[in-house]
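Down below is the structure, laid out as structure tokens.
Within every chain, numbering begins at 1; the chains are lettered A, B, ... in the order of the sequence lines, protein sequences first and strands thereafter.
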Number of protein chains: 2
Amino acid sequence: MGITIKDIAKIAGVSYSTVSKALNDSPLVKKDTKKKIVKIADELGYEPNFAAQRLVSKQTKIIGLIWPTIERVVLSTLVTKINNKINKTPYSMILSVESTETALDTFRKFQVDGIILFEENSKPSIRQTTIPLISYGVAKERDVEYPIIDANHEQAMYQAVKHLYELGHRDIAYIGDLSSTDPMQAEKYNGFMKAMEQYMLSIEDINMIDTGGLDWYNGYAATKKRFENPTYPTAIVGGSYDISSGIIRGIKEIGLDIPRDVSIISYDNIPQMANTEIPLTCIGVPVERLAEEIVQSIIHCIEEKNITSNVKKMSPILVERASCEKRK
Amino acid sequence: MGITIKDIAKIAGVSYSTVSKALNDSPLVKKDTKKKIVKIADELGYEPNFAAQRLVSKQTKIIGLIWPTIERVVLSTLVTKINNKINKTPYSMILSVESTETALDTFRKFQVDGIILFEENSKPSIRQTTIPLISYGVAKERDVEYPIIDANHEQAMYQAVKHLYELGHRDIAYIGDLSSTDPMQAEKYNGFMKAMEQYMLSIEDINMIDTGGLDWYNGYAATKKRFENPTYPTAIVGGSYDISSGIIRGIKEIGLDIPRDVSIISYDNIPQMANTEIPLTCIGVPVERLAEEIVQSIIHCIEEKNITSNVKKMSPILVERASCEKRK
DNA sequence: TTGAAAGCGCTACCAT
DNA sequence: ATGGTAGCGCTTTCAA
């Protein structure tokens, strides 16, 4: 094992409790003593024993993030941002890519101070955990066990349709994943439908396009197929970043111009949206904001022990780029 | 805090050291006593205090994986496989997506028993860590600090070229990322060049195609550009899974048939290769094997304290699928 | 301002 | 086969 406070105490000629205080910057230690002790600790390359610290303090200052599947760009970006935010606090983050149940076990063992859960598909029954937990996922009525951070998909779709409507578009299609059991996807197209109704725009089945998946290629293939029919919409709402990048590909290959022939607005709001072939106009909660909210929220839960189960619907923001324009 | 062994001891009417032994399945405890104690522990929902355990045992049974960038499919797959393998041992895995330096600090703090490092770009100077560490990356001569698991890229490229040669192909192009500072990419095209020489195939600049990146789209764009020139190669070696899926896309859109007009063999060897538009013939170390080797290797380092710095070059395997055929 | 000592929950050794 | 007990390295009273 390495250096302990006792080693330092011996060298400094003080008691080890004084060393402990000094190293924790306690005001109970004289400046000079403190300085001397810190210097010695540095020289010796002292590293506090984490296990010992937490054994007595009951705190790990660690937040666990459960991410059952490593996949979409949007989520990778979110993980990275969350990590960055956490590093600006006294906490650190660790990640588990295991199934929710297994990950919860691991984190319980670690005694992390708090858990962030990315929900995919199913809503796991959280066995009574004393560990504060918040979830990034879709809020359903029955959710009362823990706080949920959700994006306001309905509002997002309303704004998307509104934007297109105001640009003069009337034939609007939705291309997204309607197949999955992921409730987030369902929320999006429900929101889209509702918005279309509000604007009295009728929607034909042929313009409700199911990609059957969330990869760029799904969006690409669905688009090509749709545009085999020469009567095409003047605007498209894409269900996600990946899907929309496939849509762009598809439309360009058909020989149509974006945005002259077809306008596209995509769900999701990440910086990468600016780097697609045609910079994408998009609607969604900025990842930056999402990360901010998630981190603040979990730390609040940890520190206030205030595990009120509530739902926070985050407001989307529209970012205009090159993929949308007035209908000609 | 929760239940401790002392609580259990009180209820069971034994000393807490007996409880400790019983819970650790020591042969020094009578069967009946053991059974009784375990039962009580279960009923109480006892969970051992990890911090206390490691404080005394000096072991965490945790392996940390450092993965500075979340990106390519191949790596996601590898992480998942490694995680699965580790879960079959007494160890668990945690992941850090921070920079190597920061991640090392975190893991030091956690006192993980071992570290797996995915190297990207630079080779960080590992400040003297007493923690066993192995790396998945490219072996260079000067590497002597820690064991490295590497794929034998040269051999892979040799086999790829050989396979194509034997199918009658003479005009072979390489499409891969030649731009990055990632030494793994460099190894691949060097290997390709060398193999071409050995088969006395001359390679023209126009057939050494730089995608300028590792995304599918880079492969796609590079392919389209190359095939603007009607004199095209009869076979292509793709530099990675993602790139090759882009190549397929590109070629199909030009209206050529795979493998009738152009054969493709891709680097990397993951199950997803079977699911591309045209199932890809590929060459590479199977992820499964890679994961196996990495996990075995780190556990060996941990348990034998045998931190000999060596390099293991893993042998690639060729898997034939639909994307390659005899030159017509 | 400093030191002594209790104790966090557990393992492992020695004694019984 | 079981119990007693010394620590692991640290924080945190309480006393000096």
- To the nearest angstrom, the CD1-C1' distance between A:I8 and D:dC10 comes to 12 Å
- Between atom CD in A:E47 and atom P in D:dG9, what is the gap in whole Å? 15 Å
- Atom NZ of A:K6 and atom P of C:dA4: how far apart are they, to the nearest Å? 12 Å
- With five pairs defining each end axis, the helix from C:dT1-D:dA16 to C:dT16-D:dA1 comes out bent, to 10°, by 40°
- Task: Quick one: pull up CD in B:Q59 and CG in B:D113 and give me the separation to the nearest 0.5 Å.
- Result: 5.0 Å
- Using atom CG of B:D25 as one end and atom C1' of C:dT11 as the other, report the distance to the nearest whole Å. 15 Å
- Query: Over how many whole Å does the gap from B:I37 atom CD1 to D:dT2 atom P extend?
  - Reply: 8 Å
- Task: Determine, for A:D150 against A:K312, whether the closest basic-nitrogen to carboxylate-oxygen distance falls under 4.0 angstrom.
- Result: no
- Summary of protein contacts for nucleotides 11-16 of chain D, nucleotide by nucleotide, where a base hit scores B, a sugar-phosphate-only hit scores S (4.0 Å, heavy atoms): BBB---
- To the nearest Å, how far apart are B:K35 NZ and D:dA1 C1'? 16 Å
- Query: Under a 4.0 Å N-O cut-off, is there an ion pair linking A:D32 with A:K35?
  - Reply: no
- Residues A:K81 and A:E292 bridged, charged N to O under 4.0 Å: no
- Message: I'd like to know whether B:L65 forms a side chain to side chain contact (heavy atoms under 4.5 Å, CB included) with B:V79, so could you lay out the CA-CA distance, the side-chain angles of the two residues, the decisive distance to 0.1 Å, and finally the verdict.
- Response: CA-CA 8 Å; B:L65 170 52; B:V79 171; 4.1 Å; yes
- Message: Using 0.5 Å steps for rounding, measure from the CZ atom of B:F50 to the CG atom of B:L55.
- Response: 12.0 Å
- Query: Pick one: which of A:N24, A:I5, A:T33 meets side chain to side chain contact (heavy atoms under 4.5 Å, CB included) with A:V19?
  - Reply: A:I5
- Message: Does B:K61, at its NZ atom, have more than 12 non-hydrogen atoms belonging to other residues, nucleotides or ligands within less than 6.0 Å?
- Response: yes
- Length of the line joining A:Q111:CD and C:dC8:P, which is rounded to integer Å: 15 Å
- If you round to the nearest 0.5 Å, how far is CD1 of A:I131 from OH of A:Y146? 14.5 Å
- Item | Rounded interatomic separation in angstrom, taking NZ from A:K58 and C1' from D:dG9 | 14 Å
- Item | Phosphate OP1/OP2 of C:dT2 contacted by A:T33 side-chain N/O (<4.0 Å) | yes
